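These notes are about the structure you will find just below.
Worth saying up front: this structure is predicted, and the values here are computed from it rather than measured. Quick note on labels: first sequence line is chain A, next is B, and so on, each numbered from 1.
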There are 4 protein chains.
Amino acid sequence: MELPIRGIIPPVVTPLVNDDELDEQGLNNLLNHIVDGGVHGIFLLGTTGEATSLRYRVRRQLVEKACLIVNKRVPVMVGITDTSFERSVEMAEFCKEVGADMVVIAAPYYFPIAQVEMQRYLEDLVPRLPLPFMLYNMPSHTKIHFTKETVDCAKELGALGIKDSSGDMLYLLSLIDAYKDSPEFSVLTGTEIFLPETILQGGHGAVAGGANIFPRLFVDFYQASLDKDYAKIEFLRRIVMKIYNTIYNVGTFTSRYTVGTKCALGALGICNDYVAHPLRQFEGADHQAMANYVEEIKEMMGKAAFF
Amino acid sequence: MELPIRGIIPPVVTPLVNDDELDEQGLNNLLNHIVDGGVHGIFLLGTTGEATSLRYRVRRQLVEKACLIVNKRVPVMVGITDTSFERSVEMAEFCKEVGADMVVIAAPYYFPIAQVEMQRYLEDLVPRLPLPFMLYNMPSHTKIHFTKETVDCAKELGALGIKDSSGDMLYLLSLIDAYKDSPEFSVLTGTEIFLPETILQGGHGAVAGGANIFPRLFVDFYQASLDKDYAKIEFLRRIVMKIYNTIYNVGTFTSRYTVGTKCALGALGICNDYVAHPLRQFEGADHQAMANYVEEIKEMMGKAAFF
Amino acid sequence: MELPIRGIIPPVVTPLVNDDELDEQGLNNLLNHIVDGGVHGIFLLGTTGEATSLRYRVRRQLVEKACLIVNKRVPVMVGITDTSFERSVEMAEFCKEVGADMVVIAAPYYFPIAQVEMQRYLEDLVPRLPLPFMLYNMPSHTKIHFTKETVDCAKELGALGIKDSSGDMLYLLSLIDAYKDSPEFSVLTGTEIFLPETILQGGHGAVAGGANIFPRLFVDFYQASLDKDYAKIEFLRRIVMKIYNTIYNVGTFTSRYTVGTKCALGALGICNDYVAHPLRQFEGADHQAMANYVEEIKEMMGKAAFF
Amino acid sequence: MELPIRGIIPPVVTPLVNDDELDEQGLNNLLNHIVDGGVHGIFLLGTTGEATSLRYRVRRQLVEKACLIVNKRVPVMVGITDTSFERSVEMAEFCKEVGADMVVIAAPYYFPIAQVEMQRYLEDLVPRLPLPFMLYNMPSHTKIHFTKETVDCAKELGALGIKDSSGDMLYLLSLIDAYKDSPEFSVLTGTEIFLPETILQGGHGAVAGGANIFPRLFVDFYQASLDKDYAKIEFLRRIVMKIYNTIYNVGTFTSRYTVGTKCALGALGICNDYVAHPLRQFEGADHQAMANYVEEIKEMMGKAAFF
């Protein structure tokens, strides 16, 4: 794996038939769709991947099959965080065994823990990991927003970077600034709309949920940022904003990002749109609206000479 | 099981040797200590029981052994909530098999879900349960504070009551008021200091963490409230306040309630004070302070003629 | 003024004709209604009194007229907090001049300040005050929840007590416990439903908004708590809960407590129900509902032999 | 005044000798420093201007003197929000009288109001205003984050734009997107680091607190964004980040932005660094550190050929 980790790394949705069964054909379609779209890595079992909603049997199947399908075309990263420490270790070992390249660590998410508690947790966990790791900041779901001290702690323990999904751009920029002299430590945004700022200020990429649906769009967005091609950045940002205003904007539940992404993939015929409990897929009118949104976005993309 | 569920129901701590191994002798001591103290039921695998930090192998051992030790002397309730729906169902089935009496359902705790999402979740989960159930409101850890509509939904699905750990006394009183005409629906406080108000206004009891350490104190507190013996209530509340100001007040982490409870049990020689990741037991000076606190509280209790 | 300050101290609503004009007849009616109801003091220009919505001309008229009407029958306390320090000092001087007995200090409410900033503020403000003062904890509106250190600071500077409107009963009980050896330092709850606990655990009274409407009810609630007459406490608490579930429960705005209180006073014919910007009085159906609620509560009260 | 409002509009600090007295020489220096720096307007009596900490006598003096000093070189906007509705109206009238160009309306900041309450407030307030107005979203201080519906309401009532200080870049971008077909409606960021995104996606400028200290820096930052000169944007953003990491980063209080800005202006000899209650100026070591920071930033700026 080349360092620093860079580019577009979709947090892959987990195609499901029901809570307990993978949609294997859908997984195959989805991963090929994403990899063919030019992404630089994939991230399995994150929030968008509904990791916490899945039993370990399903999680293991997913990782194993995904590694086979991807077949080393791009690096495979896997979220291993569990509220149980030993479960995380065990999952990391499984990931190593089936050929994943890296694991991703968020905070254990039941107890609201303090920064010092998170640091101790990392100090105990990291020596048990058989694979390189990256940190994942996700305060809305884990109740802890990592301070600089906690990120430093992870870095000293060998973290290859951090994915920040706080949505706080000032924090993201301050991370980039803080680690600008550590060229192998990667700062990735989890808020895809911040991709240009991330790249232009010296960050490394995005864990972009939208790249499940439109991988090429985000790869182009990344390349335009690298090239400082601002006309293109501006044009592409309008399309990404359109995704926010349509696919991510059905209903009022916080879960609409995840559910909307799966629904759009269903509308594209790539995979099943089943969403595991406690979330639920859209129905009826919302379903049809989503199909229209996907068409509108495709049309916006089609207008670009450079696609 | 007699309805409504009433009295003092300790959320039992899980005695551990390490993250992956029960302290079996400690569990035996603890459960006998609690049951001999006169409690009216026990609640396994709640927040105080560190359920989410334990692997299922350990959780199952705990429930199985606890049912054997308790041996039907009091009802056994078990928290089954998991972020995975099927895992919750499976755990409920196991509880039935080994002789537990009831399961307790909180919100799945990773995704911040809406009330309607929680209601749908209950509608799907409850028909799959082989045992009666109670609802558990724990917004600080699950990110959802159940509205009246959600509690109504649970009640219509057959819930035997609700344990409220929001810490919001006005909410608690409004629940009692709302269900005062449903004599079999139990309202229990998870904030032990609110026990007298709960009982005096028509509620049913407390899931009192402090009853792990001093079960008799809380049973007396409950009885005094039932008897409207206010001199005794006032006297006992000062002791309970003392617990808050000492045992629950070491350090500044949110986790100090759970860690302090285990530490006090260790100081009393009842069970091991090991706390699973991501929390950690107290050390050094804190440890000694805890032993002193326990002595001070015992002395306060000794002064009461009625103990 | 006898210390510690005790009993029922209504946060008096400010009867208005419009944003800029007092309803003088209403003020006269209201204050006599309250004082005849047996309250132990009055608190002008608090949150319920819409202090911040009024110009200083109106605030001064209110204090001056209220002192004349009350005519030393009970102590008059006045909220002087402003975002401008000098304005607060000037208002305190005016209060002294027209015969008020005490001033009440909350946190200046625009900047979210730290505990140390609040302590410095008190250190600078208190020496400038010509009257005794009390502290007022109101985190939902001022963005700061006073720590023990801040309350200690106020006490050392001479505060006669604290009114706690945090709604956090555990905090309230911990204040009572912390100052139980300072017999002249008063702890008052701003959450009227907590009155019995406040008194029974050693606190001193309530700044009860509902005492604008039903002063006698709250005075009886206080007396029953002092007398440890628990049958009466329980009975009266049901009536107070009824107020929460009706008068304070119209619509979903946070402002419904204040607006509902004025509306009920209008329904009783005591004063005008005009509410200053940015709040607004209820209209139409809500108005009629309120009249019915008041009747229902009167009927509940009428059923008590002891009224 | 040319529409839409565009460019760099510093929220001017209020130079003070003490809580009650303007530093008139400092005000003169500051305004000339800012206007000579090429800014496109000034905003008096915002959060950075400590409006709420000042008495009306001081606020009026400030506006009157500022209008004289600026002498129509750039438009003068004035924050008029007060918790008292009539006070806001009166201040707007005064602004008109002394020659200000526009008023700025935030939410009244004591009561936590609902969107509908804010909309009603605007409907009543706007017809009373003798000058054009702009909306100001400042949820951290006013407790309300304007929804699209509330911004639409303001726009229909004639608002010339919105200044967003929520710090939420996705919200800011969604505002720009929402009003892209209303060329006279201005969207300004209150988070200065977001200036390039604001401009590049079609927004109009920044109310940049740092432009008090380094007006030319921000004017260049704006121009670089207009020119899509990304090398320059990237270079300048590093300097702005440096301001965040130094001048805005002394101590841990939320107020450090405001206090740091004044302290830096003091270090530059432009105006007095006195900060009104409840905030307080830095002392001793912090003071010296600030002087060093200012020098470091000047040196960074000096390295740019294009300054």
Side-chain angles (χ1 to χ4, degrees), chain A residues 18-21 46-48 50-59 81-90 106-125 128 138-144 251-259 275-280, chain B residues 18-21 46-48 50-59 81-90 106-125 128 138-144 251-259 275-280:
Chain A
N18 57 48
D19 272 36
D20 240 14
E21 198 181 336
T47 303
T48 307
E50 298 170 86
T52 56
S53 304
L54 305 174
R55 302 176 64 150
Y56 273 90
R57 184 174 49 69
V58 179
R59 295 192 208 186
T81 304
D82 196 296
T83 53
S84 155
F85 180 89
E86 292 295 336
R87 261 304 197 190
S88 294
V89 171
E90 191 175 278
Y109 37 84
Y110 184 71
F111 289 108
I113 59 174
Q115 301 292 333
V116 167
E117 290 175 306
M118 182 66 198
Q119 292 161 26
R120 287 176 185 170
Y121 173 83
L122 289 170
E123 283 160 10
D124 287 357
L125 181 62
R128 303 276 302 275
M138 185 60 173
S140 62
H141 289 58
T142 63
K143 299 164 235 159
I144 175 170
T252 60
F253 296 165
T254 307
S255 57
R256 64 188 186 278
Y257 291 86
T258 300
V259 180
V275 182
H277 290 89
L279 312 186
R280 191 178 292 190
Chain B
N18 57 47
D19 272 37
D20 238 15
E21 198 181 336
T47 303
T48 306
E50 298 170 86
T52 55
S53 304
L54 305 174
R55 301 174 66 151
Y56 272 91
R57 185 174 47 70
V58 179
R59 297 192 206 186
T81 304
D82 196 295
T83 52
S84 155
F85 180 88
E86 291 295 336
R87 260 305 195 188
S88 293
V89 172
E90 189 175 278
Y109 38 84
Y110 185 70
F111 288 108
I113 59 174
Q115 301 293 332
V116 168
E117 290 175 305
M118 182 67 199
Q119 292 161 26
R120 286 177 185 170
Y121 173 83
L122 290 169
E123 284 160 7
D124 286 357
L125 180 63
R128 303 276 302 274
M138 184 60 172
S140 61
H141 289 58
T142 63
K143 298 164 235 158
I144 175 169
T252 59
F253 296 164
T254 306
S255 57
R256 64 189 186 277
Y257 291 86
T258 300
V259 180
V275 181
H277 290 87
L279 312 185
R280 190 178 293 191

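Heavy-atom distances place both the backbone and the side chain of B:Pro278 under 4.5 Å from chain A. Heavy-atom distances place the side chain of B:Met138, and not its backbone, under 4.5 Å from chain A. Using a 4.5 Å cut-off between heavy atoms, A:Pro108 contacts chain B through its side chain alone, with no backbone atom that close. The contact between A:Thr47 and chain B is made by backbone and side chain atoms together, counting heavy-atom distances below 4.5 Å. When heavy atoms are compared at a cutoff of 4.5 Å, A:Ile113 approaches chain B solely by way of its side chain, counted from C-beta outward.
Inter-residue side-chain proximity for A:Arg120 and A:Asp124 is flagged as unmet; no heavy-atom pair is nearer than 4.5 Å. Between A:Phe85 and A:Leu125 there is a side-chain heavy-atom pair separated by less than 4.5 Å.
Heavy-atom pairs under 4.5 Å with chain B were tallied for A:Tyr109, A:Tyr121, A:Tyr56; the largest tally goes to A:Tyr109. Most heavy-atom pairs under 4.5 Å with chain B: of the set A:Ala107, A:Pro112, A:Ala114, A:Ala276, this distinction falls to A:Pro112.
Rounding to the nearest 0.5 Å places OG1 of A:Thr83 at 7.0 Å from CG of B:Asp82.
A:Phe253 does not carry A:Arg256 over the face of its six-membered ring by the limits of under 6.0 Å from the centre and within 45° of the normal. Geometrically, B:Lys143 engages B:Tyr110 in a cation-pi contact defined by less than 6.0 Å to the ring centre and at most 45° from the axis.
In this view, B:Glu90 and A:Arg55, B:Arg87 satisfy the side-chain hydrogen bond (donor to acceptor under 3.5 Å, both in side chains) rule, not counting sequence neighbours.
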